[in-house]
Amino acid sequence: MPDWFVQQDRSPPKCVLCQHEYDRGKLTKHHLVPKCRGGTETVLLCRPCHKTVHATFTEKELERDYDTVEALLQAEELQGWIRWIRKRKPGKRIRVR
């Protein structure tokens, strides 16, 4: 069977923090190491999670301490947010300060 015939996973992409499914257009690319610091690897985050990550950490902290998905998921500063956002309905308008 040709490679192009193999069924691809067609499930909607998920935000790596809250695990909510979204249409691809509703997710943003987060550079694990900030782009201004030479980062190229990205992951998909919903807008509220992306804003929260950048409101919580400086670019230097992101580069030094939170340059992997695992590090972000284990960040003590994000634990309350992750627990809270995972209980919310996907797509609900959330204000981030």
Side-chain angles (χ1 to χ4, degrees):
M1 196 177 309
D3 290 339
W4 57 267
F5 187 79
V6 177
Q7 180 72 24
Q8 300 292 323
D9 182 11
R10 305 254 183 214
S11 61
K14 293 181 179 183
C15 170
V16 298
L17 289 183
C18 68
Q19 293 296 303
H20 291 158
E21 291 182 350
Y22 289 93
D23 291 334
R24 174 59 189 93
K26 298 283 185 180
L27 293 170
T28 60
K29 288 182 182 178
H30 169 69
H31 286 81
L32 290 171
V33 173
K35 195 173 175 181
C36 67
R37 296 187 172 271
T40 57
E41 186 179 355
T42 61
V43 295
L44 296 175
L45 295 178
C46 64
R47 291 186 195 288
C49 286
H50 201 173
K51 287 180 179 182
T52 298
V53 166
H54 284 285
T56 305
F57 303 113
T58 66
E59 291 187 351
K60 192 171 191 172
E61 289 172 319
L62 289 171
E63 177 187 25
R64 184 185 62 223
D65 302 324
Y66 304 105
D67 60 344
T68 65
V69 172
E70 293 78 21
L72 281 174
L73 288 171
Q74 294 174 5
E76 188 174 324
E77 298 89 338
L78 293 178
Q79 293 307 302
W81 168 262
I82 292 171
R83 276 193 309 277
W84 182 83
I85 193 72
R86 286 185 177 176
K87 295 176 188 175
R88 299 297 169 258
K89 187 175 181 179
K92 185 155 175 77
R93 191 174 184 110
I94 297 171
R95 192 172 182 165
V96 177
R97 295 181 186 186

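- Using a 4.5 Å heavy-atom cutoff, the side chains of Leu44 and Lys14 are not in contact.
- Taking NZ of Lys35 as the reference point, atom NE2 of His30 lies at 13.5 Å (rounded to 0.5 Å).
- When side chains are defined from C-beta on, Glu21 does not count as touching Pro13, because their heavy atoms never get closer than 4.5 Å.
- Thr42 and His31 form no side-chain donor-acceptor contact under 3.5 Å, judged by distance and modelled atom types alone.
- Here the closest heavy-atom approach between residue Val33 and residue Glu63 is recorded as CG1-CG, 3.9 Å.
- Across all non-hydrogen atoms, the minimal contact from Ala75 to Phe57 is CB-CZ, 3.8 Å.
- Rounded to the nearest 0.5 Å, atoms SG (Cys49) and CD (Gln19) are 9.5 Å apart.
- For residues 64-79, the set of pairs meeting the salt bridge (Lys or Arg N to Asp or Glu O under 4.0 Å) definition, not counting sequence neighbours, is empty.
- The two residues Cys18 and Arg86 come nearest to each other via the heavy atoms O-CG, 3.3 Å.
- Here SG of Cys15 is found 14.0 Å from NZ of Lys26. Values are rounded to the nearest 0.5 Å.
- Of all heavy-atom pairs spanning His20 and Arg88, the tightest one is CE1-O, 3.0 Å.
- Using a 4.5 Å heavy-atom cutoff, the side chains of Leu62 and His54 are in contact.
- Within the 4.5 Å cutoff, side-chain heavy atoms of Tyr22 are placed close to those of Pro90.
- Thr28 and His50 make their closest contact through OG1-ND1, 2.6 Å (heavy atoms, listed as atom of the first residue, atom of the second, distance).
- Atom CG of Leu32 sits about 13.5 Å away from atom OH of Tyr66, to the nearest 0.5 Å.
- In this structure, CG on Leu27 lies 8.0 Å from CG on Leu45, to the nearest 0.5 angstrom.
- For the side-chain contact (heavy atoms from CB on, under 4.5 Å) with Ile82, the lone residue among Thr52, Leu72, Leu73 that qualifies is Leu73.
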